[in-house]
**Q** 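The structure is given below, and queries will be raised subsequently.
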Amino acid sequence: MTEEILRSTGLRASYITHLFGMNREVKVVDDVSLSIRKNEVFGIAGESGCGKTTLLKLIAGFCRPPLKVQSGSVEFMGDPGKPLSLLEATDEELYGIRWRQISYIMQGSMNVLNPVRRIYKSFIDFAYPHMGRMAEKDFRDSVTAHLDKLRLGKEVLDSYPHELSGGMRQRVTIGLATICSPSIIIADEPTTALDVVVQRETLGLMKRLQRELGHTIILVTHDLAVHANMADRIAIMYAGTIAEEGSTKDIFEAPAHPYTQHLIRSLPHIGDKERKGYLKGAPPNLADPPAGCRFHPRCPIAIARCAQEAPSLKACSGGTRAACFLAD
Amino acid sequence: MGDAIELLSVKSAKKSFRLGGIFSGKELIAVNEVSFSLFKDAPDIFSIIGESGSGKTTLSRMILRLLLPDSGSIALDQVDVHSMKGRKQVLEYMRNVQPIFQNPFETFNPLNRVDEFLFATAKNFFPGETVDQARERAERALNAVGLALSEVGGRYPHELSGGQLQRASVARAIIPNPKVLVADEPVSMVDASLRMSIVNLFQDLKNKLGTSIVYITHDLATAYYISDRIAIIHRGFFVEQGPTSAILTEPRHPYTQLLVESALDPRPGSTSLADGAAATTGDEEFLAIGCKFAGRCPKAMVKCRLSEPPEIVDGDRMVRCYLYGGNDES
């Protein structure tokens, strides 16, 4: 259970642009080390523009200019004893693991599915080239069997995306991502566009498939309520850095970082009318992040040291690991 | 509240659209027999909860007089929107009912500075005032939402955070001193750490300026947090309406029960993630005869599929379901 499947160490990456002779560097991912285990749901939480999606791109080995990796590595342990460095792999190596080993569920299902092709054609486009030398007839049978697991009927295969409801379309994209039984599924805001009722059903489906097929899910969403009910472990990102990580239970019950504490405290839930506080200021501009700890301008308990050096993750008594000098 | 004076009253408002071609099309009733009132001297936050495609945006557009109801009435201070004639009356309505939109980045023109937009609003609603007076109005509105003119003055929308922009758009809305604000999903595009600041702001506007707010959302938790009264809208019908805490802690309508059950609780493992069947498409439910929820309802009876259930009023609560008010067959 605790075997590692993906590890990033000291990952730093920036978007570098040259415009009219001006060099601009946006440090989006700064010193991120993660260790993701086999068969777990690993949640990454953070606000918009904090580098979640860029981190996912790097984890998927998709690094194109203007995104540039400065240091650090991402290793994928798909083959026991033979880790593959995703940032140095050749295109052929990456093609070999894409979709077969690492696949994605994206946010807008309408944008993922080609609107002028029937659903089955999308399966052919996405997954068939990765199925090895399978006859197309067998492929159709396996797709039908797979959709049955997702509680979608055969008729879905011959429908166009616009004929399906949002929930059904998201089921189809989950089907696309799981058909090759990959070992890692990256889900970027998979339920943000869905209604509450459909959201719960979709999350339930993802959890059930994960238990049946035994893959790892890297779940990225800003919605902590989703993490609370889905993830085994969570990393909280703030302005390109990991502020805190730990098991879901510890993060929610004993958060050590002031940012996490604030996030957890300000979550409203039914049956609670107590007035919630909020943080002053706004997340920093990553082209010009504050020196030291990136959270210190907004932090209610910041000390002088916070403005000078950046804290690194350390173990805290609550069971989590937090990047804060004052956490214990 | 029967003897209180009505400020905004919506009575059996109905709006329908046509689906499909001229000859083969079907009629889709987006808002059906919706009634509610806001009262003078008792400012209120009234939440309307609905999923996408429930008709909540059509309803908000009708309250803003961007659409006129096909039947029924919407009246502000006893003046019906249908009877309004001329620019003067319409402007008076717009002055009193102001919108706040979902995405603050789309509310503001990206090529104009944010403060220009505030000045323009002040000039449009108070023609004949000097530039200084318009400036003063903008300044006062910004102060009320916790911003200063020096903070947003001369800056373009992309230079401000989502939270600041949403505050600025609230500031713009309160410049003409409206009696009612209509906020359609105002926090769904705002970052998590700033979301509560907007929600708290609505509460402050209600308490300090006495503005009534129609808060339209799909998020039950923030609705519970700020609103006094709530209505659940499903496929055009208000299926349940009443005091927020009572409705969300003891929901009566099966649809409200499903919503409350599905809202994810932000405490680890507290919501069971049932993997139900995929929902039907919206149009099918809209076109259903009888109760629109009958197709998914665990307690559906034969008569639910034949005719629309009536509104059953019990004290300050209303529910539109055959299970209540002695209509239960079993």
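Proteins get letters first, then strands, A, B, ... in listed order; numbering begins at 1 in each.
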**Q** At a heavy-atom distance under 4.5 Å, which candidate from A:Q199, A:H269, A:E253 has the highest pair count against chain B?
**A** A:H269
**Q** Could you tell me whether the side chain of A:V197 reaches within less than 4.5 Å of the side chain of B:R296, counting heavy atoms only?
**A** yes
**Q** Taking CD in A:E274 as the centre, count heavy atoms belonging to other residues, nucleotides or ligands within less than 6.0 Å. Is the count above 12?
**A** no
**Q** Return the minimal non-hydrogen interatomic distance between B:S227 and A:K273, and the atom names on each side.
**A** O-NZ, 3.2 Å
**Q** Ignoring hydrogens, what is the shortest heavy-atom contact between B:H218 and A:V196? Give both atom names and the distance.
**A** O-CG1, 4.3 Å
**Q** Considering only heavy atoms, which portion of A:I270 lies under 4.5 Å from any heavy atom of chain B: side chain, backbone, both, or neither?
**A** both
**Q** Among A:K249, A:R275, A:R298, which residue forms the greatest number of heavy-atom pairs with chain B at distances under 4.5 Å?
**A** A:R275
**Q** So which atom in A:P268 and which in B:P266 form the shortest heavy-atom distance, rounded to 0.1 Å?
**A** O-CG, 4.0 Å
**Q** Which of residues 201-214 of chain B have a heavy atom under 4.5 Å from any heavy atom of chain A?
**A** B:Q203, B:D204
**Q** What do you reckon, is CZ of A:R24 surrounded by more than 12 foreign heavy atoms closer than 6.0 Å?
**A** no
**Q** If you take all heavy atoms of B:S262 and A:R200, which pair is closest and at what distance?
**A** OG-NE, 3.7 Å
**Q** Heavy-atom pairs under 4.5 Å with chain A are the metric here; pick the option from B:D265, B:L248, B:L259 that has the most.
**A** B:D265
**Q** For chain B, which residues from residues 228-244 of chain A have at least one heavy atom closer than 4.5 Å to it?
**A** A:A228, A:N229, A:M230
